[in-house]
Amino acid sequence: MTDLNTFTQGPDEHGHFGLYGGRFVAETLMPLILELDKNYQAAKTDPAFAAELDDYLKHYVGRPSPLYLAERLTEHLGGAKIYLKRDELNHTGAHKINNCIGQILLAKRMGKTRIIAETGAGQHGVATATVAARFDFPCVIYMGEVDIERQKPNVFRMKLLGAQVRPVTSGTRTLKDAMNEALRDWVTNVADTFYIIGTVAGPHPYPAMVRDFQSVIGRETNQQMLDREGRLPDTLIACIGGGSNAIGLFYPFLNHDSVILVGVEAAGKGLDTDQHAASLARGSAGVLHGNRTYLLQDEDGQIADAHSISAGLDYPGIGPEHAWLKDSGRVEYVAATDDEALEAFQLCCRLEGIIPALEPSHALAEVIKRAPHLPKDHIIVMNMCGRGDKDIFTVADVLGVTL
Amino acid sequence: MMARAMARIDRRFAELSAQNKAALVTFVTAGDPSFDVSLEIVKGLPKAGADLIELGMPFSDPMADGPSIQASSQRALKAGASMIKTLDLVTSFRKQDQETPIVCMGYYNPIYVYGVENFLADALAAGIDGLIIVDLPPEEDDELCLPALAAGLNFVRLATPTTDDQRLPAVLNNASGFVYYVSITGITGTQEADAQAIAPEIARIKHHTDLPVCVGFGIKTADHAAAVARISDGVVVGSAIVDQIAQNLDDEGRPKPNVAPAVFRFVQHLATGVLRGRSKAAE
């Protein structure tokens with residue numbers, strides 16, 4: 001990791017992205033994580049595994065997802081040319097399925113017989129329940145009580161798919177506590193259980209493995225951009241909770257210096273309040289959930305509550321590779337508030353006939369800030385990483401509409 | 001100071017071994033249910049029968065702990081616990097007790113944020129003898145284990161049912177004080193460990209180390225403590241002790257006057273179990 005001419009060599013064999021990453025887990029889990037790493041490394045170089053993965057991505061997920069020129073949005077903002085990478089059109093409605101297909105194939109290959117996962121917005125839970133149904137695994141999803149309340153449609157979808165949704169009542173009853181509970185399950189059921197982590201966090205090899213599975217987003221974007229425009233895009237913009245859709249889009253472009261990469265955190269009610277989820281903007285280095293990264297925490301090292309209108313961004317940490325990319329300066333990290341995201345959400349509905357999820361609405365808020373000041377030949381690609389069907393109740397509530 | 005910290009645990013196990021006794025290691029969380037009551041409890045534990053004190057450093061996200069110790073950590077934090085106050089508590093304890101070893105258990109983040117070097121210096125000054133850090137496996141020894149050993153603090157290692165023979169040497173390398181055998185796969189305080197199943201595991205660990213081996217996770221009663229004392233060098237009880245605290249709070253979560261006596265009675269009961277285990281073994 002000392003060679004700064006390349007941003008794509010990490011992590012090292014111990015899972016470190018510079019200072020960040022690592023394997024901070026209980027001894028009980030350590031042998032499992034080493035076994036997972038060994039199996040993932042073998043699968044990664046096995047053409048049969050790649051062929052099977054590609055087949056499911058094409059015929060089950062519906063990839064490649066379109067790269068769509070948002071003409072009315074471009075015209076409305078009057079500056080840069082805006083493309084949307086339509087990962088919200090994937091089966092199950094978000095990018096999460098890209099990773100779940102990869103991990104379930106690995107679980108099958110390792111002879112595991114039970115699947116667990118954590119979920120915040122419920123998109124990862126739905127994607128996990130989906131692949132568990134498709135590949136015939138019993139599946140338990142941990143979800144904070146608060147998130148169960150604000151994402152009811154996804155809870156029902158998971159149940160329809162045959163998963164057991166276990167409400168998490170400890171701590172803040174959101175995503176971080178769901179992850180604690182999933183880790184507690186895993187440490188108890190070590191022999192048969194495969195833990196499908198939904199973002200680029202957790203102990204090594206998860207951050208690298210999830211990134212690799214999500215990189216299909218960036219690889220397609222690269223090819224589609226060459227086909228459409230004959231060149232690389234100028235700016236890529238993606239929202240960041242744990243950071244899996246963003247790293248998936250950015251990763252194939254990290255070594256292309258000309259491409260500006262922008263990650264958008266959730267500023268909640270404002271970065272200067274105590275209600276946001278911007279761990280890069282306002283956090284500090286710490287160790288949680290198996291890795292060292294930027295965390296929202298107090299001076300005693302106790303993890304702070306995150307807040308975002310979007311359940312999927314409501315996490316007090318961030319993937320370790322993003323922490324490293326921030327320090328190295330390769331990626332620019334900004335933030336959008338709940339209000340800015342809501343405004344972007346409504347604009348997208350009206351101008352493009354696309355109801356975005358609240359998560360990418362944060363990325364769209366940054367597009368709205370940036371595009372008017374850029375020339376018309378500047379190309380922005382924004383990752384539309386999820387659709388907003390799940391969020392209409394939350395939005396209606398904030399807008400004072402009774403459904 | 002350094003030599004004393006390393007020596008206190010070794011000396012305690014040597015004394016117990018000479019008397020054919022197993023150690024009773026009692027866990028409580030620093031600051032649960034309040035600083036004052038917690039200090040009262042910790043100060044009274046040796047007299048109640050604790051041979052070593054395992055002191056929990058509260059953390060907001062205790063991933064390896066079950067509901068009892070999670071709740072204990074939350075109570076302490078709500079009552080204003082912090083790393084500085086945990087160190088203060090040990091300092092106060094040491095004014096009256098120079099002999100009972102204190103091993104601090106917790107998660108790495110509060111230590112990392114405190115600063116490893118500062119923490120080790122302050123821990124030694126307070127009179128802490130060893131550390132058990134749940135989320136620092138041997139793969140991360142550079143973080144705290146090696147600096148702690150260099151500073152003169154014991155680093156107590158956790159071995160688990162998933163630690164196979166191939167991995168055991170790596171786990172025991174750099175271990176000191178004692179080895180903590182986690183008797184179940186799971187979180188603290190949830191399942192009951194079967195003493196019959198533990199015995200061969202202890203033999204397996206002892207094949208690789210001369211350190212005392214203590215057993216914890218899932219020991220709740222005096223009978224169970226007796227069974228484990230028979231086959232190991234020490235018995236760790238945590239969840240069942242902090243449950244005594246939970247059961248003696250009023251409706252608003254404030255400690256009732258009888259909290260500490262309730263804890264002491266329970267620890268005395270456990271201590272008789274630990275003694276009984278060995279007297280039967282001697283028969």
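Chain letters run A, B, ... following the sequence lines, proteins first, then strands; residues in each count from 1. Given the structure is predicted, the values throughout are model-derived calculations rather than measurements.
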Would you mind checking which part of [X] comes under 4.5 Å of any heavy atom in chain B, side chain (CB onward), backbone (N, CA, C, O), both or neither?
X: Ala285(A); answer: both
X: Glu181(A); answer: side chain
X: Asp177(A); answer: side chain
X: Ile303(A); answer: both

Quick check for you: to the nearest 0.5 Å, what is the distance between [X] atom [atom1] and [Y] atom [atom2]?
X: Leu288(A); Y: Asp135(B); atom1: CG; atom2: CG; result: 9.0 Å
X: Ser82(B); Y: Asp298(A); atom1: OG; atom2: CG; result: 9.5 Å
X: Glu140(B); Y: His14(A); atom1: CD; atom2: NE2; result: 9.0 Å
X: Arg292(A); Y: Asn109(B); atom1: CZ; atom2: CG; result: 10.0 Å
X: Phe217(B); Y: Thr28(A); atom1: CZ; atom2: OG1; result: 6.5 Å

Report which part of [X] has an atom under 4.5 Å of a heavy atom belonging to chain A: side chain, backbone, both, or neither.
X: Asp65(B); value: backbone
X: Pro161(B); value: neither
X: Ala71(B); value: neither
X: Leu77(B); value: side chain

Residue pair Gln70(B), Arg184(A): steps toward the side-chain contact (heavy atoms from CB on, under 4.5 Å) verdict: CA-CA 12 Å; Gln70(B) 286 177 44; Arg184(A) 289 178 187 128; 3.0 Å; yes

Please determine whether side-chain contact (heavy atoms from CB on, under 4.5 Å) holds for the pair Glu139(B) and Leu34(A), giving the CA-CA distance in whole Å, both sets of side-chain angles, and the decisive distance to 0.1 Å. CA-CA 11 Å; Glu139(B) 280 75 3; Leu34(A) 293 173; 3.8 Å; yes

Could you work out, with side-chain contact (heavy atoms from CB on, under 4.5 Å) as the rule, every residue matching Asp192(A), not counting sequence neighbours? Thr113(A), Arg114(A), Asn189(A)

Best-contacting candidate, Val113(B), Val171(B), Leu158(B), Ile84(B), against chain A by heavy atom pairs under 4.5 angstrom: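 Option with the greatest count: Val113(B).
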
Looking only at Tyr108(B), Tyr107(B), Tyr112(B), most heavy-atom pairs under 4.5 Å shared with chain A are made by Tyr112(B)

Considering non-hydrogen atoms only, spot the tightest contact between Gln191(B) and Thr188(A) and give its length. NE2-CG2, 3.6 Å

Identify the two heavy atoms, one from Pro137(B) and one from Met30(A), that lie closest to each other, and give their separation to 0.1 Å.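 Of all heavy-atom pairs spanning Pro137(B) and Met30(A), the closest is CG-SD, 3.7 Å.
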
In this structure, which one of Lys176(A), Met179(A), Gln302(A) forms a side-chain contact (heavy atoms from CB on, under 4.5 Å) with Asp61(B)? Lys176(A)

Any heavy-atom pair between the side chains of Val187(A) and Ile187(B) that's under 4.5 Å? yes

In terms of heavy-atom pairs under 4.5 Å, which option from Pro31(A), Ser284(A), Ala304(A) contacts chain B the most?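 The answer is Pro31(A).
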
Hey, is Glu27(A) close enough to Arg157(B) for a salt bridge, meaning N to O under 4.0 Å? no

